[in-house]
Amino acid sequence: MAIPKNQDEVEQNARSSYFNLPPLDVSVAFPQATPASTFPPSVSDYFQFSDLLTAEDQAIRMRVRQCMEKEIAPIMAEYWEKAKFPFHVIPKLGALGIAGGTIKGYGCPGLSITTSAVAIAEVARVDASCSTFILVHSSLAMLTIALCGSEEQKQKYLPSLAKFSTVACWALTEPDYGSDASSLQTTATKVEGGWILEGQKRWIGNSTFADLLVIFARNTSTDQINGYIVKKDAPGLTVTKIENKIGLRIVQNGDIVMKRVFVPDEDRLPGVNSFQDTNKVLAVSRVMVAWQPIGISMGVYDMCHRYLKERKQFGAPLAAFQINQQKLVHILGNVQAMVLVGWRLCKLYEKGTMTPGHASLAKSWISLKARETAAIGRELLGGNGILSDFLVAKAMGDLEPIYTYEGTYDINSLVTGREITGLASFKPAMSSKRSRL
């Protein structure tokens, strides 16, 4: 056998060999089970939760389910692997009529929070990234404008956002301040006719292509947090994509750098005058975020249920083995409990009795159970459990950022802990003694 003389010859031989052929289509390579591009039927409603839903809830749920299974399921693995966003589906998501959620008027649907939550769960059941795209746009950016914007701002921005004719992002987190978001250092300095923004934001979903950026900055005069609507073409504004994520890869998270970005007075959100005003938005959005892992877990169960009946080993379907049935029932039980906690959270909100602790406990606990659900699902799928083609591996990756954003598991636990004990424990006690050299 001839030995290649140099690296170029090695690469040339590799290119001409059969090892460089494209991969087999998964349905050819593994014909025994159906990949998630043909999405499995929804079979996770064991306790007949649908009986608790209104006719409107059920109609919107079915509309979203059909769109996601038809339009998103066939392409999601491809776009997830490439970490690209399928811009061509934005009009189809806009046609669902769920952007703006509970906002009334201004072209928004004015849904109940239960309806909105059920809809976002159906999106997440098929693809978590699409649900995050919608939540950032709707439950953070749009909701901030609706709750904290002027009448003129609502009329100017909300109608096009409700149709997805324009897309928004929400920029609070900074490189140095994640959980400690109230300490953010981006500054807003008053000048004639407007404000000058200086600083940096990180992990901002939708930011690489958003038309509008809702940005929070510290007023240099009052030292309080204010909110601003920034246009994507503002001079001094740059946004670059964060690469190499292991989860929510379709979501385009960005680093935002602002160097003397001018924002006119009419784009300062008058209702954001302290960090507590951002918490008004976060309390509502955490309800919606809690329903993302519910939806993801529904999809995991649906996928495992079908896979275990299709895949055969030792002369029988995997569903015929006791240990597999036990694991399948385990994740089914998780889904039932998660749904009922999420549903009760929505009803507390609708009654006006939901507290920040309620929302934080639901978000943290549901996210925790969803991680467990996806891990068991990965076991059930064996080797195929590490392929995004069969959903569960993708779900495992996508749950990791959801477990962390909108308050990590630990921070949300402490929010609830403060509420039930009356004692805040976010910051470590500082020693009164000076350290000795």
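For the single chain, residues carry numbers from 1 onward in sequence order.
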**OP:** Look at atom CD1 of Ile386 and say whether more than 12 heavy atoms of other residues, nucleotides or ligands are closer to it than 6.0 Å.
**Re:** no

Original post:
Does Phe87 CZ have over 12 foreign heavy atoms under 6.0 Å away?
Top reply: yes

Original post:
Does the side-chain contact (heavy atoms from CB on, under 4.5 Å) test come out yes or no for Leu237 and Leu213, once each step is laid out?
Top reply: CA-CA 10 Å; Leu237 175 74; Leu213 300 86; 4.0 Å; yes

What is the minimum heavy-atom distance between [X] and [Y], and which atoms define it?
X	Y	value
Asp57	Thr114	OD2-CG2, 4.1 Å
Val335	Ser297	CG2-O, 3.8 Å
Cys148	Asp277	SG-O, 4.4 Å
Ser182	Ile225	O-CD1, 4.3 Å
Arg249	Ser129	N-OG, 3.8 Å
Ser42	Asp302	CA-OD2, 3.4 Å

With [X] via side-chain contact (heavy atoms from CB on, under 4.5 Å) - residues at least two apart:
X	answer
Ser27	Asp25
Lys351	Arg344, Thr353
Phe426	Ile411, Leu414, Val415, Arg418, Ala424
Tyr349	Ile113, Val284, Met354

**OP:** State whether Arg125 and Glu69 are salt-bridged, where the test is any N-O pair (Lys NZ or Arg NE/NH1/NH2 against Asp/Glu carboxylate O) under 4.0 Å.
**Re:** yes

Original post:
With the threshold set at 4.0 Å, does a side-chain nitrogen-carboxylate oxygen contact exist between Glu406 and Lys363?
Top reply: no

Any side-chain donor paired with an acceptor under 3.5 Å for [X] and [Y]?
X	Y	value
Tyr157	Asp267	yes
Trp80	Asp398	yes
Gln292	Thr132	yes

Original post:
How far apart are the C-alpha atoms of Met142 and Ile145, what are their side-chain angles, what is the distance that settles it, and do they pass the side-chain contact (heavy atoms from CB on, under 4.5 Å) test?
Top reply: CA-CA 5 Å; Met142 288 183 70; Ile145 295 172; 5.8 Å; no

Original post:
Are Val341 and Met338 close enough, and set up right, to give a side-chain contact (heavy atoms from CB on, under 4.5 Å), and what steps lead you there?
Top reply: CA-CA 5 Å; Val341 169; Met338 293 158 66; 6.0 Å; no

Just how far is it from atom [atom1] of [X] to atom [atom2] of [Y], taken to the nearest 0.5 Å?
X	Y	atom1	atom2	result
His305	Leu380	NE2	CG	12.0 Å
Lys394	Leu248	NZ	CG	8.5 Å
Ile376	His330	CD1	NE2	4.0 Å
Tyr405	Leu135	OH	CG	6.0 Å
Leu391	Leu381	CG	CG	9.0 Å
Leu399	Thr373	CG	OG1	8.5 Å

Subject >> Whether Tyr409 and Tyr403 hold their rings parallel, tilted or perpendicular, with breakpoints at 30° and 60° >> reply: parallel

Is a side-chain N or O of [X] found less than 3.5 angstrom from the main chain of [Y], in a donor-acceptor match?
X	Y	result
Thr208	Thr240	no
Gln336	Ser44	yes
Arg268	Trp195	no
Asp211	Val167	yes
Arg218	Leu184	yes
Gln153	Glu266	yes
Arg311	Ala319	no
Thr416	Gly357	yes
Gln155	Ser150	no
Asn226	Ala217	no

Within the 4.5 Å heavy-atom criterion, are [X] and [Y] side-chain neighbours or not?
X	Y	answer
Gln185	Asp176	no
Leu93	Met68	yes
Asp127	Phe39	no
Ser179	Thr408	yes
Ile215	Val263	no
Asn412	Arg286	yes
Arg61	Ser50	yes
Tyr301	Asn334	no

Original post:
How would you list, by chain and number, every residue that makes a salt bridge (charged side-chain N to carboxylate O under 4.0 Å, His left out) with Lys245, sequence neighbours excluded?
Top reply: none

**OP:** Go through the structure and list residues passing salt bridge (charged side-chain N to carboxylate O under 4.0 Å, His left out) with Lys369, not counting sequence neighbours.
**Re:** Glu372

Subject >> For Ser139, all residues meeting side chain to side chain donor-acceptor pair (under 3.5 Å), sequence neighbours excluded >> reply: none

Subject >> Any residue meeting side chain to side chain donor-acceptor pair (under 3.5 Å) with Glu198, in chain and number order, not counting sequence neighbours >> reply: none

Original post:
Among pairs that include at least one residue of residues 113-140, which meet ring pair (Phe, Tyr, Trp, His ring centres under 6.0 Å), considering only residues two or more places apart or in two chains?
Top reply: Phe85-Phe133, Phe133-Phe164, His137-Phe164

Original post:
Can you list every pair that meets side chain to side chain donor-acceptor pair (under 3.5 Å) and has a residue in residues 70-79, with sequence neighbours left out?
Top reply: Glu71-Lys92, Glu78-Lys82

Original post:
Which residue pairs pass the side chain to side chain donor-acceptor pair (under 3.5 Å) test with at least one member in residues 100-111, sequence neighbours excluded?
Top reply: Tyr106-Glu151

Subject >> Single hit among Tyr228, Trp170, Phe275, Tyr177 for ring-ring contact (aromatic ring centres under 6.0 Å, His included) with Phe216 >> reply: Trp170

Subject >> Counterpart residues, ring pair (Phe, Tyr, Trp, His ring centres under 6.0 Å), relative to Trp203 (two or more places apart) >> reply: none

